[in-house]
Every structure is written in structure tokens, then in C-alpha cells.
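Remarks on the structure that follows.
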Amino acid sequence: MANPLYDTMFGRYSGAQTVFLQMPDGRTVTHDAFQRQAARYAHVMSAAGLNPGDRLAVQIAKSPENLAVYAACVQSGIIFLPLNTAYTPAEVEYFVSNSGAKLVLCDSSAEALLAPIAATNDAALMTLDANGSGSFTKKAEGQPETFVTVDRNADDLAAFLYTSGTTGRSKGAMLTQANLLSNAEALRDYWKFTDKDILLNALPIFHTHGLFVATNITLLAGGSMLFLPKFDMDAVIAALPRATSMMGVPTFYTRLLDDPRFDRDLVKGMRLFISGSAPLLAETHRLFEERTGHRILERYGMTETNMNTSNPYDGDRRAGTVGYPLPGVDLKVTDPDTGEELAPGEIGMIEVRGPNVFKGYWQMPEKTKEELRENGFFITGDLGLMDADGYVQIVGRGKDLIISGGFNVYPKEIELLIDALPGVKESAVIGAPHSDFGESVVAVLVPEADTTLETSCIADALRETLAGFKQPRCYAVVEELPRNTMGKVQKSTLREQFAHVFKGA
Ligand code: MCA
Ligand code: AMP
């Protein structure tokens, strides 16, 4: 095949008048119209001087046009680099410079702030707004509606997704066509997606979950998506009766359970609810079944690997587990110190290998070597076990990571920023249980000697540089941090101490 990802996901719909996207306002986008738009966009990128292998960074609202940019990248061999819309310009600067993006697409409201960043990094800047207008759109007007698909091998790169690290520096996970395609095919079959499916997609599309899991599967299966710009409760309630399936982070499901309108009758046309990105509480699982009669299907994935495991479609969906390794995925649990494989039931590091596993971190060979073994196993940083029946359970994290409402927050990144502020001697950032977000961020601060810290000043300083979802929702000032005999900060002690700060939140 000339371009495996494009041909299987987009190219085969040439001329098809079937509906791909259904918007909340009733507007629909057919497969054919989508494809023609993507072709026009591919011409704009090519005219802007982008060649196969170049990066295109996008920080734009969720819209059909956003997805068409993704399709255009796949068709023209350009690497698609989506960015969280919550990132501040300071955060975006790093991604643009690290990736060497040649073109940055942003909302026109961010143009003035991002223009100098693009200019410093020799990148062009164009705008594409939520309503589809912008300088990019203007350039696309009148462009041909077909584009000669660029040849790609399955091993060629299709996307970069940045994932923060325990050192505080984000790493660009390089995903190939084969990574995306193999995983989407496995999931389509495992979850029995067909052209009859209407998937409610209220997830953001700058992460694996909403983009590759939800969108790629729908495209492969030939179904359509109810494409909501975000998780808005009224819009979700209005859309549910028309959907056959839904994917979400646990916060979606706890919020639905809090809404009295969410009942059995509303979801009588649904065949499948899928949860992932963060642990689903067994309690949520139970309450959901009680309310709707549906057992949520929980699965487990990562930016670097797409999806690794899933509870079965037909068999027993066990609460508190993430199911079996997907077909084609090897999963083992190893001793974190020696790398030796452990026996079933023993807790250790989860490692995975398969066509889903990424190619490495962009321009970070050392980091890649630390996490991706020569034999192809990727060290996930998640601690877990495989039980006697083959179900995988995640019991903790070997990496210092907080997951808030499905978004990852790496404490190190925030600690580095706080420690650089005047009056702060040191800090420790931890996650504490939160009823809406699962976990939320707490910053524990130690002031310099003879200094009184105003936590509101710390919060103000962080607001300028850090995306909203990463900002601590609780600050505590202490005299010193608990340390072990080696001098290492005991975060587990802090987690216990601050476990109740969000009680009632
Ligand atoms: C928004 N805010 C948050 C979060 N989201 N704070 C903490 N954690 C969050 N997740 C803050 C904003 O900064 C803002 O703060 C205020 O909440 C309102 O913002 P808004 O956007 O209106 O919030 P929301 O609509 O209530 O959003 C919550 C949400 C959203 C719906 C749970 O965060 C969401 O869609 N999460 C899904 C994330 C996701 O797709 N993850 C997949 C990653 P202020 O008022 O102070 O300005 S992929 C992955 O993990 C792997 C591969 C996998 O397995 O899937
Ligand atoms: P990301 O860096 O956004 O790819 O997040 C991946 C991380 O999310 C994994 O390493 C896990 O720690 C976590 N994760 C994803 N799905 C689940 C799940 N079903 N249960 C528990 N943790 C999960």
C-alpha cells in the first residue's frame, strides 16, 4: 500500500456520502466532504513549504476542521503534533522549539502571543478557529479537492505526542503509522465496532484517547461520531439517546452518575461504555451498573503505546482490573530492580511489547534507552500484577505522576517552577484524592529561613506559565519535608498527611 494509514482510514471513503461527524447543532460532515477538505488543507501545507517528515504543531479547538488537519498530515506524510489547548505560550514554546515544527496552527485569540514564538523558531504561523475560520482556511479556499497521497511505509512517523517526564522535561513520543493502525484494528475488532456505531466523543482530541482511540477506530469501522467540542453535561445528556457507544475518563462517568437525568431509559440504545486514562473506582463501576444495567469496559493505555489491555467485550468485565493484554501485545510483570519476570499474582513493573509500542522519544536517545529495552519491551512505570485468570491490575505507579481528570501532571515540572520563586527553599508536589478529578494537585512548600510565604503570590506566579489543570488546588506551608535516611523526600508520608484536603470538594 502506498500510505497504509491514509488508505485504510481516509482514502477508502472517496466519494462516500455516509456521515462521519454529527455536530451538536445538527450539522453533519460526510466522509467525502471531510476528505475533500483534508485535500485542500494538504495543498496549503505543501504550499507553505512543508515536506514529508516535517512537523505541524496545532493548538486549536476541537472541530471537524481540526480532524481534517490530522487527515491532511497523514495524506501528505507530515507529522501531526497536537497540543493541549490549556497550555500557556511558555509551554507551547518548548514544544515548538523541541519538535522543530515548521508550521504552527493556533486560534486567532492566541496569535499575538504565539507569533514571536513561531518567529524565533523559524516556523510559520496560521490561524484556525473553532468555527472553522482563520488565515489557514482562507488559504485553503479554492485549493484543489484532491491531493496526490504521499507514499509512506508502515514504519514512517505519523504523529508526535508529548508526554511529560519525571525529570520535568516533556518528551516527544514518536508514533508510526503501524503503531496507530495496528492498535486501532485490534480495538475495532476487540470492541466490535462496525459501521452501525455512533460513538459519543466528548473527549479532547489532542491526546491518544479522543484522537487515536476514538477517532481512528470510528474511521476504520466506518461508523460515525457525535462530535461534542467538550464534556458539557447538557450536551452529553442530549446526545446519549442517539449514541451506541461512548468513551470517557472516569470523571465523565462520576459526573454522569451525579446527574439525575442519567438513567436506564436515556441509554437504552447504547451497547458499550468504555473507560480509561485513569483508574475507575470499583464503586463507580458498581453504581453505574445499578443505574444503567451496563458494565463499563475498562482498558489501559499510554501515549507511548496506545492501548495495551482491555476487559473483554463478551466475557467478565472485572471492576478494579484493566483486563487482558490485547491481541498482539506481550505484557509481563517484572522485578523493578532486576527486570526478571515475576510469577502471576506478584506485584512489579508492567512492561509491554508489540506493534503498538512507539519508536522512541524525539531526539532523546538516552531517555529512549532507559525506557525501551533492546528486546522491544517498554517499561511503563506502572506497577501491577497479572492474576491467575490473566487479568491485569494496576496497583500503583513507579513514576511520580498525578492524573487529574484524565490529564497527566508531573510533580517535577511544578516543583522546579516553585523552587525558583523567591522565598521558597524547596517544595514537594503530590496528588490527593478528589471526588471529581480522581486526584488533584497539592503543593507543600518550605520557606527560606525568616521568610513568610504568601501562597497566593505563588499561585499568581504559576498562573502565568502553567496550564490551569496543572495548577495546585491546595497549598500548604511546612517547616520541613519528611525525608528518609538517604535524604529522599518521603512523598508517601505527605500523601497520607494530605489525603483529606479535598474531602467534600
Ligand atoms: C479542566 N480543569 C481541570 C481539568 N480540566 N483541572 C484539573 N484537572 C482537569 N482534568 C480546570 C481548568 O483549568 C479550569 O480552571 C476549570 O477546571 C474549568 O475548565 P473546563 O475546561 O470548563 O473544565 P471541565 O470541562 O470541567 O473539564 C474537566 C474534564 C476535562 C471534562 C474532566 O479535563 C477532560 O475532558 N478530561 C479528559 C482528559 C483526557 O482526554 N485524557 C486522555 C489522555 P480555572 O477555573 O481555574 O480556570 S490520553 C491517556 O491518558 C492515555 C493514553 C489513555 O490511556 O487514554
Ligand atoms: P499518558 O501519559 O497520558 O499516556 O498516561 C498514561 C498513564 O495513564 C498510564 O501509564 C497509567 O498510569 C494511566 N492509565 C491509563 N489507563 C488507566 C487505567 N485504566 N487505570 C489506571 N491507570 C491508567
Side-chain angles (χ1 to χ4, degrees), residues 61-62 82 84-88 161-166 170-171 173 175 183 187 201-214 228-236 247-256 274-282 284-285 296-311 317 319-323 349-352 356 358 371 378-384 392-410 431 434 436-441 459 462-463 466-473 502 505:
K62 181 176 178 182
N84 193 324
T85 45
Y87 288 150
T88 62
L161 288 192
Y162 274 78
T163 156
S164 292
T166 41
S170 272
K171 302 166 286 184
L175 295 157
N183 207 240
L187 295 172
N201 181 343
L203 288 156
I205 54 168
F206 42 71
H207 278 313
T208 299
H209 199 161
L211 183 63
F212 300 140
V213 186
L228 308 190
K230 60 179 292 205
F231 187 88
D232 170 79
M233 186 56 80
D234 290 343
V236 170
M247 293 180 190
V249 297
T251 301
F252 286 16
Y253 295 116
T254 50
R255 285 189 183 180
L256 280 169
I274 300 173
S275 177
S277 309
L280 184 77
L281 294 178
T284 310
H285 210 282
I296 298 175
L297 184 156
E298 186 172 7
R299 58 45 170 196
Y300 156 60
M302 288 186 75
T303 299
E304 290 91 333
T305 63
N306 289 287
M307 299 304 103
N308 295 312
T309 73
S310 170
N311 268 282
R317 298 177 194 165
T321 83
V322 290
M349 177 62 70
I350 297 176
E351 298 191 23
V352 293
N356 54 317
F358 76 143
E371 295 179 33
F378 176 67
I379 305 166
T380 61
D382 292 310
L383 299 175
V392 176
Q393 286 175 33
I394 299 174
V395 297
R397 292 177 202 134
K399 52 193 171 190
D400 196 13
L401 162 69
I402 301 165
I403 306 183
S404 168
F407 285 141
N408 289 1
V409 180
Y410 278 88
H434 188 280
D436 186 30
F437 292 131
E439 288 181 286
S440 199
V441 183
L462 291 186
R463 210 162 290 129
L466 210 56
F469 68 90
K470 298 182 194 169
Q471 284 165 28
R473 292 186 170 231
F502 297 120

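All ligand and atom numbering here is 1-based and tracks the order in the structure. Just so it is clear, the values below take in all heavy atoms, side chains as well, and ignore hydrogens, waters and symmetry mates.
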message: As an exercise, identify every atom of ligand 2 less than 4.0 angstrom from a heavy atom of I394.
response: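 Under 4.0 Å from I394, ligand 2 has these atoms: 20 (N), 21 (C), 22 (N).
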query: Does R299 come within less than 4.0 angstrom of ligand 2, counting non-hydrogen atoms of the residue?
result: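 Yes, that is the case, since the closest heavy atom of the residue is under 4.0 Å from the ligand.
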message: Return the closest protein heavy atom for atom 36 (N) of ligand 1 as residue, atom name and distance.
response: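 The closest heavy atom on the protein side is G405 O, 3.0 Å.
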field: atom 6 (N) of ligand 1 [closest protein heavy-atom partner, distance rounded to 0.1 Å]
entry: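 Of the protein heavy atoms, R473 NH2, 3.1 Å lies nearest.
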Closest to [atom] (judged by heavy-atom distance), picking from [options]:
atom: atom 40 (O) of ligand 1; options: P204, S404, G406, A214; result: P204
atom: atom 16 (N) of ligand 2; options: S275, G398, S277; result: S277
atom: atom 17 (C) of ligand 2; options: A278, A173, G406; result: A278
atom: atom 12 (O) of ligand 2; options: T305, D382, N306, N311; result: D382

task: Examine Y300 against ligand 1 and note whether any of their N/O atoms are separated by less than 3.5 Å.
output: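 Checking ligand 1 against Y300, no N or O pair falls under 3.5 Å apart.
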- request: Return yes or no for this condition: an N or O of N408 is under 3.5 Å from an N or O of ligand 1.
  value: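 N/O-N/O distance below 3.5 Å does not exist for this pair.
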message: For ligand 2, which is the ligand I care about here, please tell me if Y300 has any N or O atom under 3.5 Å from one of the ligand's N or O atoms.
response: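 So ligand 2 has no N or O lying under 3.5 Å from an N or O of Y300.
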- prompt: Between the main-chain N or O of L228 and the side-chain N or O of K62, is there a donor-acceptor pair closer than 3.5 Å?
  reply: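 Indeed, once roles are kept as given, a pair shorter than 3.5 Å links the two residues.
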